[in-house]
Every structure is written in structure tokens, then in C-alpha cells.
Amino acid sequence: MASIPQGSSTQHSSVDAGNNTVPLIIITILFFMWGLLTSMNDVLIPHLKSVYTLSYTQAMLVQFCFFGAYFVISLPAGALIKKLGYQNGAVAGLIIAASGCALFYPAATSGYAIFLLALFVLASGITILQVAANPYVTVLGPARTASSRLTLTQAFNSLGTTIAPWLGGILILGGAVLTADQLNLLPAAEVAEYRAKEAASVQGPYLALAAALLGLALFFAFAKLPKIQHEDEPGVSGDMASNKESALSHKHLVLGAIGIFLYVGAEVAIGSLLINFFGEENIAGLKEADAAHLVSYYWGGAMVGRFIGFAVMRYISPGKTLAFNCICAVLLVLTATFTEGKLAMWAIIAVGLFNSIMFPTIFSMALHNLGKFTGQGSGVLCMAIVGGALVPLLQGALADTFGLQISFLLPAACYLYIMYFGIKYAGIYKTAPASEPAHL
């Protein structure tokens, strides 16, 4: 998933261009790291499902705890950053995320609930980090080259999501995986030994990630970064009720928030179930470690598609491009749902290519012409990312009830709504500008 665009107003002190290289490298590494950490969940879900013999609904609690943190922590993160400042806020986010990674060590010997706690702490740190670090992309250099810097950092974010399943497949899923039927034939002592060994396979990788995050926190703490001051604008919650006009009085923002909710939910739900889907005998019958490598193609397609979309939308309206991508995604998901073998496998992988431009396009369209409510609207859209917690949980319940393959009809329905949003607001950028321009 792409990092969150920032809608809040900021001011910054100028920094010499020659001094920006090292800070920009650090920021780019941050984008890479939170892309990698988010996509590692796609490996954790089938791994923990196998270790603890979970249902799909239980396994999807991984995403529920991870993306639920975006909803719970977004507002406290803003308050924390106002108190600490953007740079110290980013350091705090890195330290909290590192603590979440470190909790994977005791979780391996303590059970599934501690894994879920570790994921919530990790995601809380990432949420704070995103809110604090995103504005630096625009201030580390001239305003005229801000879009190129954003493209660079987004590319590395996508690179992280692409590498994570491949890396996780090697480091976490490399061992022999026993089915629930095979475990039932083993003595209780051997089952406990197997589960302890498999659970422990996450300890090394996540301790290494914790160390990397602490190293980045140290670099970030001592980096010479421009000062960013927050300008007061209507709050996300308090002013919603008190103002006669608020962000929520703009229909396209409300519909866009629903779009973000459903898009993040669909993207995360599909990615979370790919390894299990590829393991189905009527699809590919792959082992988890082999299937994990193919998940990288799903996220890699999103990385490639982002650059294609950037070129296409110079000539075709974002709304029409969004609608076209949704139509393609629906057709591909339906192909994966109602066919078998390699056709179904590659159809669901190809959905990643068409996911590519959806998040930033919906986000930008929803914020268009909000004027002084842009920051408030951005907060609403960020909270809508909770779709990544709820939609996968619902698809897990559908998979338990009706079967894994048929459960993919839920993401198809999500894409149909986003297609409607794209068509409805295909001409949104032709509208007259508000008295106060939106600062995307």
C-alpha cells in the first residue's frame, strides 16, 4: 500500500540543496521499510494459520490488528507530533515500530495473542512514522521537483512490498509444513515441538528488522532536517460537529472515503490470501515457500503500474483511468474465482497491476477543492484505511463458510463501487477552484 499523502498545511525553513541528499536517502529508506513491514503480513498469515491451525477468520486477525492501528492511533499520532515536533515524532514512531518487531521474540513462545499484540504495536509505530515523515518529502528541495521526489519515495515503498513476500518465503516459510490432518496423527508432545519450532522461525527476521528500525531512528535523530511548523486548521473530530460546513459536507469526500475503505480492504484481503490460494490443489498446489515468491509479482505489478498510470493520466482523466482499472480488476477477480489452474493463478496476480493507481487517485480526487478543509479531509481518508482491518476479516469469514475461491467475490464487489466513484467524478478536475486551493 502506498504511503499516505499529506493534506495538512505546513511551513518549513529552507535547506541548501546540497545538504538534502543524506536526509532524502533516510526518508526513502523509511518508505522502503514500512512497505516491507506491511507486506510481510502476507507471509505471516499463512504461516501462523498453519502453526496454530487457525480458521481463515482467525488468521485474518493479523490484518485486523495491523490496520486497526491506523484507525485507533491516527488522532493520537497527530497530537504526539504537535508536542514533539515532526523529527522527534518520526524517531518515536521508529522506536515504537522496533518495539513491535522485538515483541515477536517472546510471542514465538507465548501464543497467537502476543503475535497480534506485537503487530498492533508495530503498526502503531508505522502510523506515527507516516504522519511525521511524509511532509519531509515535499520540503527536502525545491517545490518544483517535489513530485519527482514523491515518485522516488513511492517507488521504494512499492519495492519494499515487492521484496517482502520473497524474503519472508525464504526466511520464514522455508521449513516443512504439516497439514492439520498430519498434526492430528502426531503425539501431543511432537505437535507442541513442531509448533514451537515453526513459531520461532519469525524471531530472527523480526529481530533484524527491529535492529534496522533502531538504526534508522538513530540516523533520523541526528540528521539535519528542515523545521516544519503546523498551521492550525479545522480538526478531524472536534470541528466536524461544531461547524455548519465541514469536510463531511462535501459529498465527493464522503464517497472517496468509502472508496479508500473498500480499496485498501480489497488490496489487503487479496494479498493476505494469495499463498493459501496458490496452495489449493485445483489452482497450483504450491508449497507455502514457493507460493510466497509469486506474491511478489502481485505487489511488483502495483509498482510497475504506478509508473504506467503516471504517464497515462497525463492524457486521460484520473476518474476514467480509475474506472478502467476497476473494470479490469473485476474481470480478473471473476476469472480467478470461476476458473482453475494457471489461468486463475495468473489472473489474481495480475490484479496487482491494476491496483497500482487506485489509492493515490481516489485520495487526490476526494481532496479536490476542499480548500481550508483539506487537512480535515485528509484525516478522514487516513482513518478510512481501517478497511484493511475489516474487509479481510469478512473475506476470511466467507472463506470459512463458502470456500476460499468463492470468497474473492467480496474484493470484486469492492472494485465495482470504486468504478462507480471514478465514473461519477471523471470530470472533477474541470470544476472551478475553491477560494482556498487544496494542497495535495
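What you are looking at is a predicted structure, and each value in this text was computed from that prediction instead of being measured. When a residue number appears, it is its place in the shown sequence, counting from 1.
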- Task: Taking all heavy atoms of A102 and all of L207, pick out the closest pair and write down the distance.
- Result: CA-CD2, 4.3 Å

- Message: With a 4.5 Å cut-off on side-chain heavy atoms, are L37 and C101 touching?
- Response: yes

- Would you say L409 and F402 make side-chain contact, with heavy atoms under 4.5 Å? no

- Can you tell if the side chain of N355 reaches within under 4.5 Å of the side chain of Y263, non-hydrogen atoms only? yes

- Message: Keeping Q63 on the side-chain end and M60 on the backbone end, is there a donor-acceptor pair under 3.5 Å?
- Response: no

- Task: Carefully, step by step, assess M345 and I349 under the rule side-chain contact (heavy atoms from CB on, under 4.5 Å).
- Result: CA-CA 6 Å; M345 183 185 79; I349 289 173; 4.2 Å; yes

- Under 3.5 Å, is there a donor-acceptor pair between the side chain of T161 and the main chain of S158? yes

- Item | Separation between CG of N325 and CD1 of I418, rounded to the nearest 0.5 Å | 10.5 Å

- Step through it carefully: locate the ring centre of F277, locate the ring centre of F408, and say whether they are under 6.0 Å apart. yes

- W346 vs L294 side-chain heavy atoms within contact, under 4.5 Å: yes

- Item | Chi angles and distances behind the side-chain contact (heavy atoms from CB on, under 4.5 Å) call for H252, M365 | CA-CA 8 Å; H252 70 284; M365 290 173 66; over 6 Å; no

- Item | Any donor-acceptor pair under 3.5 Å from S39 side chain to A164 backbone | no

- Task: State, yes or no, whether a side-chain contact exists between M40 and I172 at a heavy-atom distance under 4.5 Å.
- Result: yes

- Message: Using only atom types and a distance under 3.5 Å, with no angle test, would you say the side chain of E288 pairs donor to acceptor with the backbone of G169?
- Response: no

- Message: Are F421 and Y417, when compared by the centres of their aromatic rings, separated by less than 6.0 Å?
- Response: no

- For S272 and P46, the nearest pair of non-hydrogen atoms, with its separation, is O-CD, 4.5 Å

- Query: Between NZ of K49 and CD1 of I45, what distance do you get to the nearest 0.5 Å?
  - Reply: 11.0 Å

- Message: Working to the nearest 0.5 angstrom, can you tell me the gap between I270 CD1 and L332 CG?
- Response: 9.5 Å

- Message: Between F115 and Y112, is the ring centroid distance below 6.0 Å?
- Response: no

- Task: Return yes if some donor-acceptor pair links the side-chain N/O of T337 with the main-chain N/O of I406 below 3.5 Å, else return no.
- Result: no

- C414 to V391 - nearest heavy-atom pair and separation: SG-CG1, 4.3 Å

- Look at the aromatic rings of F373 and H250 and report parallel, tilted or perpendicular, splitting at 30° and 60°. tilted

- Message: Quick check on Y297: does its OH atom have over 12 non-hydrogen neighbours (other residues, nucleotides or ligands) under 6.0 Å away?
- Response: no

- Which atom names give the shortest non-hydrogen contact between G388 and V268, and what distance separates them? O-CG1, 3.8 Å

- Message: Just verifying a value: how many Å separate I283 CD1 and L274 CG, rounded to the nearest 0.5 Å?
- Response: 11.0 Å

- Considering only heavy atoms from C-beta outward, does the side chain of V380 approach that of V254 to under 4.5 Å? no

- Inspect the surroundings of CZ in F32 and state if more than 12 heavy atoms from other residues, nucleotides or ligands are less than 6.0 Å away. yes

- Query: Are the side chains of Y425 and L255 in touch, meaning some heavy atoms are under 4.5 Å apart?
  - Reply: yes

- What do the steps show when you test I423 against Y420 for side-chain contact (heavy atoms from CB on, under 4.5 Å), and what is the final call? CA-CA 5 Å; I423 293 172; Y420 156 77; 6.0 Å; no

- Exercise: identify the closest heavy-atom pair between Y298 and E267: OH-O, 3.1 Å

- Message: Would you say that M33 contacts L94 through its side chain, given a criterion of any heavy-atom pair below 4.5 Å between the two side chains?
- Response: no

- Query: Any sub-3.5 Å donor-acceptor pair from Q87's side-chain atoms to F220's backbone N or O?
  - Reply: yes

- Can you name the one residue among L390, V264, L119 that meets side-chain contact (heavy atoms from CB on, under 4.5 Å) with F67? V264

- Query: Counting distance only, does the side-chain N/O of T109 pair as donor-acceptor with the main-chain N or O of P106 below 3.5 Å?
  - Reply: yes

- Taking all heavy atoms of L173 and all of A292, pick out the closest pair and write down the distance. CD1-CB, 3.9 Å

- Task: Say whether, by atom type as modelled, one donor and one acceptor occur between the side chain of D400 and the main chain of S55 under 3.5 angstrom.
- Result: no

- Determine, stepwise, if the pair Q130 / C382 fulfils side-chain contact (heavy atoms from CB on, under 4.5 Å). CA-CA 11 Å; Q130 288 202 17; C382 289; over 6 Å; no

- Donor-acceptor pair, S74 side chain versus Y70 backbone, under 3.5 Å? yes

- Query: For L353, does its backbone N or O pair with a side-chain atom of S356 as donor and acceptor, under 3.5 Å?
  - Reply: yes

- Nearest 0.5 Å, what's the OG1-CZ distance between T28 and F31? 7.5 Å

- Distance, nearest 0.5 Å, that separates CD of Q405 from CD of E340: 6.5 Å

